[in-house]
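Each remark here refers to the structure printed beneath this line.
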There are 2 protein chains.
Amino acid sequence: MSKKSNLPQPTDAELEILQILWEAGPSTVRFVNGRLNEQQEKEIGYTTTLKLMQIMTEKKLLSRNTETRTHVYLAEAVQEVTQKALLKKFVDAAFQGSATSLVMQALGNHQTSQEELDEIKALIEKIEKG
Amino acid sequence: MSKKSNLPQPTDAELEILQILWEAGPSTVRFVNGRLNEQQEKEIGYTTTLKLMQIMTEKKLLSRNTETRTHVYLAEAVQEVTQKALLKKFVDAAFQGSATSLVMQALGNHQTSQEELDEIKALIEKIEKG
DNA sequence: TTGCGTTTACGAAATATTTCGTATATCATT
DNA sequence: AATGATATACGAAATATTTCGTAAACGCAA
């Protein structure tokens with residue numbers, strides 16, 4: 001029996017940081033702050049990003065290596081698990097729990113390439129098989 | 001040129017109220033408050049719900065008929081439009097903009113009936129044709 | 001018309017989230 | 001060891017969101 005000890009859900013700002021760490025792997029505060037400011041219009045201060053990452057470390061969303069002067073942060077929250085939890089909450093909140101209507105909206109709105117459609121069809125087949 | 005005057009995005013608590021109005025149609029505060037308390041564990045006070053609905057009216061998410069003593073509230077935010085906007089924000093925030101990986105997660109996690117799968121397949125075909 | 005139950009109005013408290021100012025520590029270079 | 005550049009720590013301000021207490025207004029029944 002392993003305690004899964006569910007992680008708290010990240011806030012919006014925290015999620016942005018997680019995305020960066022998921023994509024880039026373990027990183028310093030400066031790196032993350034740089035990435036945030038690439039993507040955004042308004043500058044975010046270095047200490048703002050630092051504070052958030054410290055809070056996230058307290059919440060166990062991140063961990064860090066403090067051996068070197070420049071701390072290196074690592075995402076503890078696993079991407080798939082986090083996304084799954086957020087998705088469930090979102091489906092309930094915005095689509096009254098109907099994953100299907102969410103899927104229909106998502107497919108309808110965005111333009112989806114043939115490759116992606118094939119992926120989805122393959123998944124559907126897999127589900128249908130059992 | 002019709003001004004679409006984008007509505008502000010509802011907060012979580014506001015979205016719960018919208019869901020109820022979308023489903024039930026124009027309703028009084030007491031009705032909405034009752035519904036909220038059916039679905040939830042912790043009691044939400046009448047004036048709490050009232051205040052939220054008043055704020056939402058200011059934001060134009062709702063409108064109300066004040067002719068009778070008991071005001072009747074109506075959802076101004078259209079369900080599909082609101083869902084679409086929320087979905088876009090969510091896909092960006094949690095799935096780095098990839099609607100497809102969201103769809104894959106959604107289909108993978110939830111158990112989806114054959115009817116629903118058929119619906120989705122039909123939509124995919126339609127997309128592939130057009 | 002008086003009183004009771006219900007409603008809305010208003011403002012503020014409680015909470016959560018985001019941002020930043022300032023102090024302090026560390027390292028590398030001189 | 002002193003200096004400058006860069007790092008973290010801490011606390012608090014700014015903002016957004018949620019909740020509620022209290023008062024005033026209304027309508028109905030006695």
Side-chain angles (χ1 to χ4, degrees), chain A residues 7-21 26-37 39-74 77 82 86 89-90 93-94, chain B residues 7-21 26-37 39-74 77 82 86 89-90 93-94:
Chain A
L7 298 174
Q9 295 209 337
T11 65
D12 287 353
E14 290 173 347
L15 195 50
E16 290 196 77
I17 290 174
L18 277 178
Q19 300 260 25
I20 291 168
L21 290 177
S27 309
T28 65
V29 173
R30 184 152 302 284
F31 174 83
V32 171
N33 183 244
R35 277 296 187 85
L36 285 175
N37 284 325
Q39 304 168 343
Q40 292 192 324
E41 53 299 345
K42 73 158 182 289
E43 278 287 301
I44 292 179
Y46 173 87
T47 54
T48 299
T49 303
L50 169 64
K51 181 64 169 182
L52 267 173
M53 292 175 74
Q54 286 173 339
I55 291 172
M56 292 169 78
T57 303
E58 268 180 30
K59 291 192 194 172
K60 311 284 188 193
L61 289 171
L62 309 184
S63 64
R64 68 183 155 186
N65 183 337
T66 58
E67 284 174 17
T68 56
R69 175 161 122 77
T70 301
H71 298 181
V72 174
Y73 287 78
L74 171 73
T82 304
L86 290 172
K89 180 170 172 250
F90 180 70
Chain B
L7 299 174
Q9 295 210 333
T11 65
D12 287 352
E14 290 173 348
L15 195 49
E16 291 196 77
I17 290 173
L18 278 178
Q19 300 260 26
I20 290 168
L21 290 177
S27 310
T28 64
V29 174
R30 183 151 303 283
F31 175 83
V32 170
N33 183 243
R35 278 297 185 86
L36 285 175
N37 284 325
Q39 305 167 344
Q40 291 191 326
E41 54 300 342
K42 72 158 182 290
E43 277 289 299
I44 291 178
Y46 175 87
T47 56
T48 299
T49 303
L50 169 65
K51 181 64 169 182
L52 268 172
M53 292 174 76
Q54 287 173 338
I55 292 172
M56 291 169 77
T57 303
E58 269 180 28
K59 290 193 194 172
K60 311 283 189 196
L61 289 172
L62 308 184
S63 65
R64 69 183 156 186
N65 184 336
T66 59
E67 284 173 18
T68 55
R69 174 160 126 75
T70 300
H71 299 181
V72 174
Y73 288 78
L74 172 73
T82 304
L86 290 172
K89 182 173 171 247
F90 181 70

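A note on names: the letters A, B, ... follow the listed sequences, proteins ahead of strands, and every chain is numbered from 1. As the structure is a computational prediction, the values presented were derived from the model and not from experiment. Just the heavy atoms: all of them, side chains too, but no hydrogens, waters or symmetry mates, feed the values below.
- In this structure, Gln39(B) places its CD atom where more than 12 heavy-atom neighbours from other residues, nucleotides or ligands lie under 6.0 Å away.
- A straight line from CD of Glu67(B) to P of dT8(C) spans 15 Å, rounded to a whole angstrom.
- Side chains of Leu15(B) and Leu86(B) form a contact here, defined as non-hydrogen atoms less than 4.5 Å apart.
- Nearest to the side chain of His71(B), among dA9(C), dT7(C), dC27(C), sits dA9(C).
- For dC20(D), one of the phosphate oxygens OP1 or OP2 lies less than 4.0 angstrom from a side-chain nitrogen or oxygen of Thr48(B).
- Going from atom CG of Asp12(B) over to atom C1' of dT19(D) covers 15 Å, rounded to whole Å.
- When the P atom of dC10(D) is taken as reference, atom CD1 of Ile55(A) falls 13 Å away, rounded to whole Å.
- Checking dA25(C), dG27(D), dT22(C) against every side-chain atom of Arg69(B), the shortest atom distance belongs to dG27(D).
- For Met53(A) and dA9(D), the CE to P distance is 12 Å, given to the nearest whole Å.
- Closest to the side chain of Tyr46(B), from the set dT6(D), dT7(C), dA9(C), is dT7(C).
- Within the 4.5 Å cutoff, no side-chain heavy atoms of Glu16(B) are placed close to those of Asp12(B).
- Counting only heavy atoms from C-beta on, Lys42(B) has its side chain closest to dT19(D) among dG5(C), dT8(C), dT19(D).
- With rounding to whole Å, Leu50(A) atom CG is found 16 Å from dT18(C) atom P.
- Computed from coordinates, the Glu58(A) CD to dT18(C) P distance equals 15 Å when rounded to whole Å.
- Taking only side-chain nitrogens and oxygens, Thr11(A) never comes nearer than 4.0 Å to OP1 or OP2 of dT17(C).
- Mapping Thr66(B) and Ile44(A) onto DNA chain C via the closest heavy atom, the residue that lands nearer the 5' end is Thr66(B).
- Put simply, the side chain of Val32(B) reaches to within 4.5 Å of the side chain of Leu21(B), judged on heavy atoms.
- Atom-to-atom, CD1 of Ile17(A) to C1' of dT19(C) comes out at 12 Å; the value is rounded to the nearest Å.
- Arg30(B) contributes no side-chain N or O that forms a donor-acceptor pair with the base of dT6(C) under 3.5 Å.
- At the phosphate of dA9(D), OP1 or OP2 sits under 4.0 Å from a side-chain N or O atom of Gln54(A).
- Taking the side-chain hydrogen bond (donor to acceptor under 3.5 Å, both in side chains) definition, one finds that Lys59(B) meets it with Glu14(B), sequence neighbours left out.
- What separates CD of Glu14(B) from C1' of dT17(D) is a distance of 9 Å, to the nearest Å.
- Side-chain to base pairing of Lys51(B) with dG21(D): no donor and acceptor N or O lie closer than 3.5 Å to each other.
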